[in-house]
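Each remark here refers to the structure printed beneath this line.
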Amino acid sequence: TRRQGDFLSIRGGVGEICHKALKAYMITEKIPRESRDTTLLLAEGSHVLWLPGYRISEFYKVTENTKRILQVQLRGGASWQNM
């Protein structure tokens with residue numbers, strides 16, 4: 001779950017990659033306040049790689065230059081999707 005200082009890497013308006021605070025992203029995406037602390041995520045330190053159901057970090061997207069892939073599967077049915 002989220003921690004203070006967590007961020008996502010996203011494409012900005014001009015196409016450059018920038019960091020966006022996870023809190024700001026959750027507000028922008030209208031993720032309900034009461035579910036923000038229980039929403040599951042995959043992170044490397046403070047860098048959020050994947051916010052299931054919403055977004056993957058630009059740094060971790062598969063491209064033609066990708067050499068290794070980490071496949072992660074979230075199991076648990078509807079309970080995590082309704083957070």
Side-chain angles (χ1 to χ4, degrees):
T1 58
R2 71 180 180 152
R3 297 182 187 167
Q4 187 168 348
D6 284 349
F7 66 91
L8 282 162
S9 296
I10 63 172
R11 290 229 179 257
V14 187
E16 79 284 357
I17 296 175
C18 58
H19 297 291
K20 183 166 189 172
L22 183 60
K23 179 180 179 178
Y25 178 80
M26 290 179 145
I27 291 168
T28 301
E29 293 300 311
K30 296 181 174 48
I31 298 172
R33 182 184 306 230
E34 55 277 355
S35 65
R36 292 177 195 163
D37 287 334
T38 57
T39 299
L40 299 176
L41 55 88
L42 181 64
E44 178 183 19
S46 294
H47 188 171
V48 177
L49 285 65
W50 180 39
L51 189 59
Y54 294 97
R55 184 172 208 119
I56 186 169
S57 168
E58 289 294 323
F59 284 123
Y60 293 94
K61 288 187 176 178
V62 176
T63 70
E64 64 277 354
N65 298 322
T66 300
K67 294 185 178 157
R68 291 191 286 166
I69 296 174
L70 171 65
Q71 182 175 339
V72 177
Q73 183 176 8
L74 186 60
R75 296 182 185 199
S79 62
W80 69 270
Q81 294 174 347
N82 295 325
M83 292 186 196

Cluster check Tyr25, Ile27: I/L/V/M/F/W/Y, side chain < 4.5 angstrom: no
Can you name the side-chain contact (heavy atoms from CB on, under 4.5 Å) partners of Val72, sequence neighbours left out? Leu42, Trp50, Leu70
Once you round to the nearest 0.5 Å, how far does CG of Leu41 lie from CG of Leu8? 8.5 Å
Please identify each residue that fulfils salt bridge (Lys or Arg N to Asp or Glu O under 4.0 Å) with Glu58, with sequence neighbours left out. Arg11, Lys61
From Ile17 CD1 over to Ile10 CD1, what is the distance, rounded to the nearest 0.5 angstrom? 10.5 Å
Nearest heavy atoms of Asp6 and Gly45, plus distance in Å: OD1-O, 4.2 Å
In terms of relative ring orientation, are Phe7 and His47 parallel, tilted or perpendicular, with 30° and 60° separating the classes? parallel
Thr66: side-chain contact (heavy atoms from CB on, under 4.5 Å) partners, not counting sequence neighbours: Val62, Thr63, Ile69
My understanding is that only residues two or more places apart in sequence, or in another chain, count here; which of them pass salt bridge (Lys or Arg N to Asp or Glu O under 4.0 Å) with Lys30? none
Considering all heavy atoms, the nearest Ser57-Val48 contact: CB-O, 3.3 Å
What I'd like to find out is whether the side chain of Met26 reaches to under 4.5 Å of the side chain of Tyr54, using heavy atoms alone. no
What residue pairs, at least two apart or across chains, pass salt bridge (Lys or Arg N to Asp or Glu O under 4.0 Å) with a residue in residues 32-41? Arg2-Asp37
Glu29 and Leu51, any side-chain heavy atoms less than 4.5 Å apart: no
Quick one: closest heavy-atom pair of Gly5 and Ser46, and the distance? O-CB, 3.6 Å
Neighbour count >12 (heavy atoms, 6.0 Å) for atom CD, Glu16: yes
Could you work out, with salt bridge (Lys or Arg N to Asp or Glu O under 4.0 Å) as the rule, every residue matching Arg55, not counting sequence neighbours? none
